[in-house]
Number of protein chains: 2
Amino acid sequence: MNLLEERIKKDGYILNENIIKVDSFLNHQLDIKFLSELSEEIYQYFKGRNINKILTIEASGIALATVLSQKFDYIPVVFAKKQKNKNIGDEVYQSLVKSFTTDKEYTVTVSKRFLNEDDNLLIIDDFLAEGNALKGLIDVANQAGSKISGVSVAVEKGFQDGGKIIRAMGYDLLSLAIIKNIDNEEFNF
Amino acid sequence: MNLLEERIKKDGYILNENIIKVDSFLNHQLDIKFLSELSEEIYQYFKGRNINKILTIEASGIALATVLSQKFDYIPVVFAKKQKNKNIGDEVYQSLVKSFTTDKEYTVTVSKRFLNEDDNLLIIDDFLAEGNALKGLIDVANQAGSKISGVSVAVEKGFQDGGKIIRAMGYDLLSLAIIKNIDNEEFNF
């Protein structure tokens with residue numbers, strides 16, 4: 001088992017409806033040292049590809065993107081907003097997304113000032129289930145004409161289709177832990 | 001002028017209705033190196049107070065809290081959620097808050113597993129306008145019986161009442177930049 005798999009086995013647990021909770025270190029309480037160690041794995045995999053910007057989505061992708069930026073010599077992080085408020089302006093890229101976790105629709109929004117055709121992106125998120133958030137981020141990146149050199153998530157739920165979909169779209173996807181299935185309240189990687 | 005004031009003067013701008021935009025480095029695109037420099041100022045002010053946890057709120061407080069955790073030898077960060085989804089469970093502290101930016105009400109929610117009476121908190125956010133988000137965070141911290149050793153924000157809008165309110169409540173509030181007023185599209189500190 002790798003670093004993240006061990007941590008999931010130790011501190012993760014399973015809620016009803018196959019919701020995997022890793023909120024003691026990844027997406028409610030944050031273990032920044034651990035996230036920094038995870039980001040080193042992402043950096044080692046994607047370094048040397050001239051990536052100049054990290055694109056993620058609020059809120060749980062931000063901490064991992066922040067420590068990953070440090071590995072890449074402090075390239076900018078852009079986080080997409082899940083709701084368009086009155087202050088972001090009209091010059092935005094947008095993509096409509098359905099959340100697996102909350103079952104609601106939301107709009108992935110990025111200001112046009114922060115993505116353009118000169119950007120070479122690494123797209124980051126905490127979780128990959130059905131891939132909807134990532135598809136939304138890929139969509140706005142494509143609208144901007146940005147290059148996407150890689151996609152990385154902490155936890156991929158291998159028993160849902162997101163990973164398959166993103167790879168079939170041709171993207172180089174690095175998942176730090178892939179949960180193949182959950183059996184008797186145990187995680188199998 | 002200090003570090004943040006200079007950056008606001010250089011890269012900030014004013015939207016209608018006195019909304020101050022610093023989205024090129026603080027709350028949409030993130031300049032992580034700059035945030036790390038800001039966090040050093042916060043660390044120097046609050047070090048030596050036995051702070052063991054940073055409490056912030058999604059989404060824009062997370063990056064600053066992340067780099068600040070590194071200064072404090074990687075103490076945990078807890079970020080409050082703005083909406084209660086079905087997966088956070090029922091064991092939560094909650095506080096109802098009205099957003100100045102969006103004019104909507106939302107609920108500040110933190111799982112009871114991540115705040116308790118042994119915690120000594122530093123509360124962090126990106127912006128302070130009317131102080132509603134901070135009051136929500138203070139409320140959940142008080143519900144948990146946690147000690148609050150300090151409160152810090154990047155930008156305080158000094159022409160609104162938030163700073164006065166938080167200080168009148170007796171909290172040690174460090175604002176890295178206080179915008180006294182905006183005159184002729186210029187920021188005055």
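Each chain gets a letter, A, B and so on, in the order the sequences are listed, and its residues count up from 1. Being a predicted model, the structure only gives us computed values, none of them experimental.
Contacts with chain A were tallied for B/Glu58, B/Arg113, B/Lys53; B/Arg113 has the most, counting heavy-atom pairs under 4.5 Å. Most heavy-atom pairs under 4.5 Å with chain A, from the set B/Asn27, B/Leu55, B/Ile75: that is B/Asn27. Ranked by heavy-atom pairs under 4.5 Å with chain B, the first of A/Ser60, A/Ala59, A/Pro76 is A/Ala59. Of the listed residues B/Val110, B/Val67, B/Asp31, the one with more heavy-atom pairs under 4.5 angstrom with chain A than any other is B/Val110.
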Report the C-alpha distance between B/Lys71 and B/Ile42 in whole Å, list the side-chain angles of each, state the deciding distance to 0.1 Å, and finish with yes or no for side-chain contact (heavy atoms from CB on, under 4.5 Å). CA-CA 9 Å; B/Lys71 307 287 179 185; B/Ile42 301 173; over 6 Å; no

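Between A/Val140 and the choices A/Ile57, A/Val108, A/Val78, the side chain to side chain contact (heavy atoms under 4.5 Å, CB included) rule is met once, by A/Val108.
In this structure, A/Tyr93 OH and A/Phe114 CZ are separated by 12.0 Å, a value rounded to the nearest 0.5 Å. Between the OG atom in B/Ser175 and the CG atom in B/Leu128 there is a gap of 5.5 Å [rounded to 0.5 Å].
For a residue to count as touching a neighbouring chain, one of its non-hydrogen atoms must lie under 4.5 Å from one of that chain's; by this rule B/Ser99 does not touch chain A. Using a 4.5 Å cut-off between heavy atoms, B/Asp23 contacts chain A through both its backbone and its side chain.
A cation-pi arrangement is absent between B/Lys9 and B/Phe187, since the terminal nitrogen or guanidinium carbon is not both under 6.0 Å from the aromatic centre and inside a 45° cone about the axis.
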